[in-house]
Peer 1: 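My questions will all concern the structure given below.
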Amino acid sequence: MTILQRTFPINADTNIPAVGFGTFLVSPNDAPDAVRAAITVGYRHVDTAAVYQNEEAVGAGIRAGLESTGLSRQDMFVTAKLWPGDPEHTAAQCNASLARLGLRYVDLYLIHSPQGGRERLAQWRALLELKRAGKARAVGVSNFRQKHLEEIKAAGLPMPEANQVELHPWSQKPDLVAYMRANGIAPIAYSSLAPLSTWRSKPGQSSAKTAEMKRDDGVFATMAQKYRVTEAQLLLRWGIQNGYAVLPKSLNPERMRQNIDLDGFSIEDQDMELISTMDRGDGIAWSSGDPSLVD
Ligand SMILES: NC(=O)c1ccc[n+]([C@@H]2O[C@H](COP(=O)([O-])OP(=O)(O)OC[C@H]3O[C@@H](n4cnc5c(N)ncnc54)[C@H](OP(=O)(O)O)[C@@H]3O)[C@@H](O)[C@H]2O)c1
């Protein structure tokens, strides 16, 4: 089975493609063409969020992609995310996202962040209701830590079906992933390419790489050379070999293709073991160090 055919189960009748197309920092101007191009080259999962402010353009790209490939809606997997707010408005927020996307349902709907505080459980109940109403085939969370997941368990509610978190060799979150596995919560990896030296290096795209991380850069380059692939391909393959769906974003057509071209090699056990020693903590893409996310 090729990487493009490969999926991971999220619930009894929902499987998420191993590689999806990320749309964070994809502007409404760029999104229609980028998403159409991604679907044309083989991506079958598109990840967006209300807070990315590109849902209408992503929806247009999905329609254009389906038209140019002859695929139908059921062939695609679409993830959308609720920005936490008043739980009373959750259904309205979901309906607004669906309207902007031009879809009747999404395949996965996530609470984008645990920062809802005391409202978290009410938000989660609202997502369960949206699933019952057929607005989402699966529901989950994003950026939740173990204590946020335990809160749901302690309330006796069904657990999230997925948790989308920053996962790459510098942020491996072994305890969180083990807890998720033990509780049937599928891990979805974002910012898989964070270890690239070029990652978010444009003006205004801040990241928080430590000196230790910068010293590690060469390890991935050397390993990638060994497998005759790019560092990006190595990092994406690492995620998939760990069982994580990945969501690379690229506006560059060549990289867009490269990021799904992951079949010709597999990372040997000894290299997976070496990478497992390179965990450098909470991550650098978004959630680390933000006090509102750890309450
Ligand atoms: N739930 C959350 O809180 C959360 C947070 C962050 C991200 N996400 C999701 O995960 C997706 C991916 O994360 P991300 O966008 O942070 O980062 P990413 O996909 O790991 O990296 C994207 C960056 O890498 C570059 N790139 C892509 N392919 C490359 C390649 N083959 N070689 C070299 N550079 C390459 C891109 O530039 P070019 O476009 O110029 O190629 C872009 O600067 C997001 O788009 C979003 O959908 C979710």
Side-chain angles (χ1 to χ4, degrees), residues 4 16-83 92-113 135-138 140 142-143 162 164 166 188-194 196 198-207 232 236 245-261 285-286:
L4 285 181
I16 187 169
V19 192
F21 186 67
T23 67
F24 179 48
L25 298 178
V26 178
S27 73
N29 268 348
D30 289 332
D33 279 350
V35 171
R36 183 197 45 73
I39 295 171
T40 307
V41 298
Y43 290 81
R44 295 292 175 262
H45 173 197
V46 178
D47 177 84
T48 186
V51 79
Y52 300 169
Q53 299 194 345
N54 60 10
E55 288 172 314
E56 271 187 29
V58 165
I62 293 172
R63 284 190 296 282
L66 295 182
E67 199 169 309
S68 57
T69 52
L71 294 168
S72 54
R73 168 66 183 94
Q74 303 88 276
D75 299 318
M76 285 299 299
F77 190 102
V78 180
T79 297
K81 308 185 199 89
L82 168 85
W83 190 251
Q93 281 177 267
C94 178
N95 286 333
S97 282
L98 289 172
R100 285 189 293 266
L101 285 161
L103 298 175
R104 280 191 300 107
Y105 68 91
V106 286
D107 298 274
L108 179 61
Y109 196 51
L110 305 175
I111 300 177
H112 202 142
S113 149
K135 305 280 181 174
R137 294 175 61 219
S142 177
N143 297 303
Q164 190 187 108
E166 181 176 349
I188 301 171
Y190 73 67
S191 298
S192 298
L193 305 180
L196 294 180
T198 48
W199 187 83
R200 285 199 202 165
S201 56
K202 291 188 185 144
Q205 300 183 344
S206 63
S207 80
L236 293 167
V246 295
L247 309 167
K249 169 262 166 189
S250 182
L251 291 182
N252 173 317
E254 167 51 33
R255 290 171 173 174
M256 211 184 260
R257 272 192 292 274
Q258 185 190 113
N259 295 343
I260 48 173
D261 180 13
W286 180 48

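From a predicted model like this one, the values you see are computed outputs, not experimental measurements.
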Peer 1: Do Arg63 side-chain atoms and Leu101 backbone N/O form a donor-acceptor pair below 3.5 Å?
Peer 2: yes
Peer 1: Quick one: does NZ or CZ of Arg73 land under 6.0 Å from the six-membered ring centre of Tyr105, within 45 degrees of the ring axis?
Peer 2: yes
Peer 1: Go through Glu166 and Ser191 one step at a time and tell me if the side-chain hydrogen bond (donor to acceptor under 3.5 Å, both in side chains) criterion holds.
Peer 2: CA-CA 6 Å; Glu166 181 176 349; Ser191 298; 5.4 Å; no
Peer 1: Are there over 12 heavy-atom neighbours, none belonging to Glu56, within less than 6.0 Å of that residue's CD?
Peer 2: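 Counting other residues, nucleotides and ligands, CD of Glu56 stays at 12 neighbours or fewer.
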Peer 1: Judged by atom type as modelled, is there a donor-acceptor pair below 3.5 Å linking the side chain of Gln93 to the main-chain atoms of Trp83?
Peer 2: yes
Peer 1: Could you grab the distance from atom CE of Met76 to atom CG of Leu71, nearest 0.5 Å is fine?
Peer 2: 8.0 Å
Peer 1: Taking side chain as C-beta onward, heavy atoms only, is Ile16 less than 4.5 Å from His45?
Peer 2: yes
Peer 1: Do the side chain of Asp33 and the main chain of Asp30 share a donor and acceptor less than 3.5 angstrom apart?
Peer 2: no
Peer 1: Under a 3.5 Å distance rule, please check whether Tyr43 uses its side chain to pair with a backbone N or O of Leu247 as donor and acceptor.
Peer 2: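 Answer holds: no.
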Peer 1: Going by side-chain contact (heavy atoms from CB on, under 4.5 Å), Val19 matches just one of Leu236, Ile260, Asp261, Asn259. Which one?
Peer 2: Ile260
Peer 1: Does Asn54 reach the main-chain N or O of Ala57 with its side chain, forming a donor-acceptor pair under 3.5 Å?
Peer 2: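 No; judged by distance alone, with no hydrogens or angles, the pair does not exist.
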Peer 1: Are the charged groups of Lys81 and Asp47 less than 4.0 angstrom apart, N to O?
Peer 2: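 So Lys81 pairs with Asp47 through a salt bridge.
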Peer 1: Does the distance from a Lys or Arg side-chain N to an Asp or Glu carboxylate O, for Arg44 and Asp107, drop under 4.0 Å?
Peer 2: no
